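Okay, so here's the structure we're looking at.
Worth saying up front: this structure is predicted, and the values here are computed from it rather than measured.
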Amino acid sequence: MSFKEKFKEYQQRREAKAYFNKNNSYKFSQIDFVVAFGITLAIGIFGLIALRYITTTIRINFSFLYVILGYLGAQGVLRYKGNGGNVEAALVSGAGMFLGMIIGDAFYLASIVGTYGLSVNLLDLGLYVSSFQRLFTSNIIQSVFCILGIFTTFYLIRNN
């Protein structure tokens, strides 16, 4: 078998695998969707708390870290399941990252307010609304990178 024939066979196998992964959504069961949501939610929460701590400690905003956070969320899901190519899993993971970022920012705001001796109710919807406003409307560059981070999670899971 010549090199051209081997390479052609390799390309056909790769195309068949990509077609199979793209057109078969049964590979993700309902529990896999829940786990994918939970993984991206946890990475979003803890990652954003760490990101906020870093930016307030050194007083420099590293907006590109939102994209890295999205990449880590996608890698967490792909390491759990081992395959991607599923639009539904990508949407669930993107939603998990979105909510994780909002919840993580709300937890960080609550911890900052708590250091000043004030009490914060974590069940208060206003805390999460202010976190959403802080993430997506306070700074245009931060908003763009935050959306890029969520899109990175979606894109990597969808196209893997």
Quick check on side chain to side chain contact (heavy atoms under 4.5 Å, CB included): which of L51, I43, L135, L41 does M101 satisfy it with? L135

What class does the angle between the rings of F7 and F3 fall in, given that below 30° is parallel, 30 to 60° is tilted and above 60° is perpendicular? parallel

Do V34 and M97 land in one hydrophobic cluster if side-chain heavy atoms of ILVMFWY residues count as linked below 4.5 Å? no

Side chains of Q133 and S138, heavy atoms from C-beta outward: is any pair under 4.5 Å? no

Do the side chains of S131 and L109 get nearer than 4.5 Å, heavy atoms only? yes

Donor-acceptor pair, distance only, cut-off 3.5 Å: does the side chain of T40 make one with the backbone of F37? yes

Within the structure provided, determine whether I45 and F107 are in side-chain contact (heavy-atom separation under 4.5 Å). yes

Nearest-0.5 Å distance that lies between atom CG in L148 and atom CG in L69: 13.0 Å

Can you tell if the side chain of V120 reaches within under 4.5 Å of the side chain of D124, non-hydrogen atoms only? no

Under 4.5 Å side-chain linkage, directly or through intermediates, the cluster mates of V129: L125

Taking the side chain as every heavy atom from C-beta outward, state whether R13 and K8 have any pair of such atoms under 4.5 Å apart. no

Distance (rounded to the nearest 0.5 Å) between I157 CD1 and E88 CD: 12.5 Å

Side chains of T152 and Y66: any donor to acceptor distance under 3.5 Å? no

Counting only N and O atoms by type, is there a donor-acceptor contact under 3.5 Å from the side chain of Y128 to the main-chain atoms of L122? yes

Would you say CD of Q11 has more than 12 non-hydrogen atoms from neighbouring residues, nucleotides or ligands within 6.0 angstrom? yes

On the 0 to 90° scale, with breaks at 30° and 60°, tag the F132-F98 ring pair as parallel, tilted or perpendicular. perpendicular

Counting C-beta onward and ignoring hydrogens, is there a side-chain heavy-atom pair between F154 and I150 closer than 4.5 Å? no

Donor-acceptor pair, distance only, cut-off 3.5 Å: does the side chain of S143 make one with the backbone of F136? yes

